[in-house]
Protein chains: 2
Amino acid sequence: MIRVLIAEDQSLVMQGLKMMIETDSELKVTGEARNGKEAVELCEKNWFDLAILDIRMPEMDGLEAAKIIRERWPEIKVLMLTTFNDDEYALEALRIGAHGYMLKDADADSLIKSIKNCLNGGLHIQGEVAAKVVPRLLEKENPSPKLHHTLTPRETDILRRIGEGKSNKEIAEELALSVGTVKNHISVLLDKLDLRDRTQLAIFAIRNGLV
Amino acid sequence: MIRVLIAEDQSLVMQGLKMMIETDSELKVTGEARNGKEAVELCEKNWFDLAILDIRMPEMDGLEAAKIIRERWPEIKVLMLTTFNDDEYALEALRIGAHGYMLKDADADSLIKSIKNCLNGGLHIQGEVAAKVVPRLLEKENPSPKLHHTLTPRETDILRRIGEGKSNKEIAEELALSVGTVKNHISVLLDKLDLRDRTQLAIFAIRNGLV
DNA sequence: TAAAAAAAGTGACTTAGGTCATGGTTGAAA
DNA sequence: TTTCAACCATGACCTAAGTCACTTTTTTTA
């Protein structure tokens with residue numbers, strides 16, 4: 001029997017995955033976590049063959065959890081689950097050594113196929129992501145993908161507020177800074193994340209679950 | 001037996017709902033639609049006691065489907081399903097006469113409760129939405145909530161591109177317009193949606209599934 | 001089909017957003 | 001202790017964004 005751990009904060013998606021997985025008599029969901037921290041804790045107590053991790057989760061996100069699991073229990077297959085076609089995250093997931101990258105809005109069949117394929121040692125990346133990601137991998141470690149892990153607390157804070165649609169003036173008032181300072185932090189954010197303006201920052205913030 | 005129709009484009013969520021609903025022996029999912037159009041077509045062929053409609057769907061969204069179902073089959077209970085705490089949509093849903101408003105990230109228990117409550121003739125609005133919405137209802141028809149239904153095709157198009165993080169110049173080039181024209185459309189959008197800048201438009205576009 | 005209304009388009013003008021050069025503070029390494 | 005690096009802060013300056021008054025085109029409807 002293949003033991004599966006699911007880490008997913010949306011209970012509907014959790015139930016859906018569970019149901020789909022257990023239609024196959026070989027597979028059994030023996031662990032359910034609502035964030036990355038819980039997932040790692042479960043791995044400490046029980047053995048799993050496959051971990052399905054949502055990228056966006058509270059407490060500890062799926063990428064961090066994946067990293068820890070890959071380091072400490074390298075035999076466990078890791079499948080990342082995401083809502084969006086975010087190639088930055090896909091790259092990061094691959095770098096960590098995930099065995100698959102699934103989109104939540106894919107149909108049931110291809111999700112099952114991803115799971116099966118992953119268990120058989122395959123690597124599967126769903127969506128248009130693959131087309132964008134593969135060329136990048138071929139250019140050897142590309143230097144651009146600076147993830148939000150490299151952001152300072154101030155920057156993350158400001159990024160979140162941009163994602164809430166606030167103006168520089170509002171952010172400055174809330175944080176007791178001058179607008180100039182806020183603008184400067186934004187310039188740094190734009191540079192780090194390789195984006196162009198606050199609108200793209202807001203989109204990034206939402207896509208990555210900061211808001 | 002209570003017959004349930006689900007309209008939901010994300011198959012994972014569909015499976016999750018189905019599983020949860022069918023843990024109760026009284027309930028049975030006898031219809032599955034992947035968009036609003038399919039939902040209405042199913043209603044024409046079969047009878048349902050309850051329709052669970054995702055607000056965000058391709059082809060025809062949940063609000064439109066709800067409207068049609070409420071008009072043509074007023075005995076069917078309608079439960080709206082959404083990812084975000086979007087009070088504009090909640091209001092619109094209530095105006096149409098939906099019997100409930102559920103958030104996808106709620107836990108299984110409260111989702112089941114919403115369904116049960118809805119079947120018993122209750123009205124349930126999940127999340128902080130309720131607190132924002134109820135006062136508005138008491139002020140008699142409030143004039144502000146202009147939904148995206150009132151947007152022209154051009155405006156919707158431009159709104160989507162803003163949600164993709166494009167600049168006015170890029171949008172103008174793609175649509176073969178002057179930047180001035182694009183700016184003007186944006187001014188109209190800001191006015192109609194009661195927002196302040198393109199960042200808030202981008203957030204709106206994402207929250208409402210345009211991108 | 002004429003009149004009215006809605007939508008699409010334009011460019012001069014104002015303001016908020018973003019860049020850049022610079023300085024202060026803290027903590028760790030030499 | 002000094003030097004270096006990372007973070008935070010600031011304001012002068014420039015550009016893209018947004019407003020406004022207006023014209024043209026398309027669609028409604030009387």
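For the side-chain contact (heavy atoms from CB on, under 4.5 Å) criterion with A:V4, the lone passing option out of A:D49, A:L17, A:L50 is A:L50. With B:N168 as reference, B:R198 is the one residue of B:R198, B:H185, B:K183 to meet the side chain to side chain donor-acceptor pair (under 3.5 Å) rule.
The salt bridge (charged side-chain N to carboxylate O under 4.0 Å, His left out) contacts involving residues 68-78 of chain B comprise B:E44-B:R72, where partners must be two or more places apart or lie in separate chains. Applying the salt bridge (charged side-chain N to carboxylate O under 4.0 Å, His left out) test to residues at least two apart or on different chains, the pairs with a partner in residues 34-43 of chain A are A:R34-A:E38, A:K37-A:E41.
Nucleotides of DNA chain C lying under 4.0 Å from heavy atoms of chain B occupy a range whose first and last members, 5' to 3', are C:dA7 to C:dG11.
Scored by the side chain to side chain contact (heavy atoms under 4.5 Å, CB included) test, A:A202 finds A:I162, B:T199, B:I203 as partners (sequence neighbours excluded). Take B:K169 and apply the side-chain hydrogen bond (donor to acceptor under 3.5 Å, both in side chains) test, not counting sequence neighbours, and it matches no residue. Under the side chain to side chain contact (heavy atoms under 4.5 Å, CB included) criterion, B:L195 pairs with B:L190, B:L193, B:Q200, B:L201, B:F204, not counting sequence neighbours. Annotation: salt bridge (Lys or Arg N to Asp or Glu O under 4.0 Å) contacts of A:E170 (sequence neighbours excluded): B:R196. Here A:K18 pairs with A:E32 under the salt bridge (Lys or Arg N to Asp or Glu O under 4.0 Å) rule; sequence neighbours left out. Shown here are the side chain to side chain contact (heavy atoms under 4.5 Å, CB included) partners of B:Q15, two or more places apart in sequence or in another chain: A:M19, A:M20. Here A:R160 pairs with A:D157, A:E164 under the salt bridge (Lys or Arg N to Asp or Glu O under 4.0 Å) rule; sequence neighbours left out.
Between the P atom of D:dA16 and the CD1 atom of A:I186 lies a distance of 17 Å, rounded to the nearest Å. Per the geometry, CG belonging to A:L151 stands 10 Å off P belonging to D:dC8, to the nearest Å. Whole-Å rounding puts the B:D191 CG to D:dT19 C1' distance at 11 Å. The distance from atom NZ of B:K169 to atom P of D:dT15 is 13 Å, rounded to the nearest whole Å. As rounded to whole Å, 6 Å separates atom P of D:dG18 from atom CG of B:N168. Atom CZ of B:R161 is separated from atom P of D:dA17 by 15 Å (rounded to the nearest Å). Between the P atom of D:dG18 and the CG atom of B:L189 lies a distance of 11 Å, rounded to the nearest Å. The separation between A:L190 atom CG and D:dA16 atom C1' is 13 Å, rounded to whole Å.
The nearest heavy atom of DNA chain C to B:P153 and to B:D197 marks one nucleotide each, and the one closer to the 5' end goes with B:P153.
Comparing the helix axis at one end of the helix from C:dT1-D:dA30 to C:dA30-D:dT1 with that at the other, each defined from 5 consecutive pairs, gives an inter-axis angle of 30° (nearest 10°).
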Identify the pairs formed between an N or O of the protein and an N or O of nucleotides 9-14 of chain D at a distance under 3.5 Å, and give each distance.
unit_1: D:dA9; atom_1: OP1; unit_2: A:R154; atom_2: NH2; d: 3.3
unit_1: D:dA9; atom_1: OP2; unit_2: A:R154; atom_2: NE; d: 3.0
unit_1: D:dA9; atom_1: OP2; unit_2: A:H185; atom_2: NE2; d: 3.4
unit_1: D:dA9; atom_1: N6; unit_2: A:N184; atom_2: ND2; d: 3.0
unit_1: D:dT10; atom_1: OP2; unit_2: A:S178; atom_2: N; d: 3.0
unit_1: D:dT10; atom_1: OP2; unit_2: A:T181; atom_2: OG1; d: 2.8
unit_1: D:dT10; atom_1: O4; unit_2: A:N184; atom_2: ND2; d: 3.1

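Using a 4.0 Å cut-off, no side-chain N or O of B:S187 falls inside it from OP1 or OP2 of D:dC20.
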